[in-house]
Amino acid sequence: MKISVWDTYVTKKDGAIMHFDILVPDAVKSQDEVCSFGKNYLRTKGQESQSLTASECQFCHIEEATEEMTASIEQRGYHIIEMEGCN
């Protein structure tokens with residue numbers, strides 16, 4: 001499966017930066033849809049009120065998905081890779 005990687009930086013409630021990638025099937029072109037996936041993820045981290053717009057989420061590249069990524073995307077439509085400050 002080919003996936004699009006969206007590089008995302010969100011300022012947390014405490015002012016720290018969360019850096020994570022949102023991975024979606026490459027057929028997903030809507031930035032609004034990708035941001036909605038990111039907002040779902042932020043809710044799981046207690047950061048639901050934080051801004052997540054085109055300013056914080058940018059298309060990066062396309063790559064081949066691993067089995068883990070594919071399973072996650074098939075289950076919920078997206079996969080998150082936590083990079084920094086996501087705890």
Side-chain angles (χ1 to χ4, degrees):
M1 169 189 284
K2 295 278 186 198
I3 55 169
S4 296
V5 178
W6 293 75
D7 199 29
T8 310
Y9 293 86
V10 173
T11 302
K12 294 169 42 172
K13 293 174 184 176
D14 66 2
I17 301 295
M18 290 178 74
H19 175 204
F20 56 95
D21 287 343
I22 304 170
L23 312 178
V24 297
D26 68 339
V28 174
K29 304 292 185 203
S30 167
Q31 190 165 27
D32 289 339
E33 185 175 1
V34 174
C35 285
S36 74
F37 293 145
K39 289 176 184 178
N40 288 340
Y41 167 71
L42 289 175
R43 274 192 286 284
T44 70
K45 296 296 189 174
Q47 300 295 323
E48 59 280 347
S49 61
Q50 300 311 102
S51 178
L52 179 55
T53 65
S55 298
E56 292 85 23
C57 182
Q58 298 288 317
F59 172 76
C60 186
H61 65 275
I62 293 177
E63 66 182 56
E64 191 68 35
T66 65
E67 288 182 25
E68 176 189 1
M69 293 171 188
T70 299
S72 177
I73 290 169
E74 288 173 351
Q75 180 181 20
R76 63 181 174 206
Y78 65 95
H79 181 75
I80 300 291
I81 296 178
E82 296 179 333
M83 307 294 275
E84 303 175 72
C86 296
N87 298 338

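Ile22 CD1 to Ser36 OG: the interatomic distance, rounded to the nearest 0.5 Å, is 8.5 Å. Taken from CD in Glu64 to OG1 in Thr70, the straight-line distance is 7.5 Å, to the nearest 0.5 Å. Here the straight-line distance linking atom CE of Met69 with atom CD1 of Ile81 works out to 4.0 Å at 0.5 Å rounding. In this structure, OG1 in Thr53 is found 8.0 Å from CD in Gln31, a value given to the nearest 0.5 Å. To the nearest 0.5 Å, the span separating NE2 on His61 from CD1 on Ile3 amounts to 7.5 Å. Atoms CD and CG, from Gln58 and Asp7 in turn, are 8.5 Å apart once rounded to the nearest 0.5 Å.
Ring geometry for His19 against Tyr9 counts as parallel: the plane angle stays under 30°, on a 0 to 90° scale with 60° as the upper cut.
Under the 4.5 Å side-chain contact rule for hydrophobic residues, Val10 and Tyr41 share a cluster. Hydrophobic clustering of Ile, Leu, Val, Met, Phe, Trp and Tyr side chains at less than 4.5 Å, counting indirect connections, keeps Leu42 apart from Leu23. Both Ile62 and Val34 sit in one connected hydrophobic cluster of ILVMFWY residues. Membership requires side-chain heavy atoms under 4.5 Å apart, directly or through other members. Grouping the Ile, Leu, Val, Met, Phe, Trp and Tyr side chains by contacts below 4.5 angstrom, directly or via other members, places Leu52 with Ile80. Note on Tyr78: it does not cluster hydrophobically with Val5, by side-chain heavy-atom contacts below 4.5 Å among ILVMFWY residues.
Pairs of residues two or more places apart, or lying in two chains, that qualify as salt bridge (Lys or Arg N to Asp or Glu O under 4.0 Å) and include a residue from residues 37-63 are Lys13-Glu48, Lys45-Glu82.
Of all heavy-atom pairs spanning Val28 and Ser4, the tightest one is O-OG, 4.5 Å. Between Gly77 and Pro25, the shortest heavy-atom contact is O-CD, 3.8 Å.
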Verdict with reasoning, Glu84 to Ile17, per side chain to side chain contact (heavy atoms under 4.5 Å, CB included): CA-CA 8 Å; Glu84 303 175 72; Ile17 301 295; over 6 Å; no
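Shown here is Asp14, whose CG atom has more than 12 heavy atoms of other residues, nucleotides or ligands within 6.0 Å.
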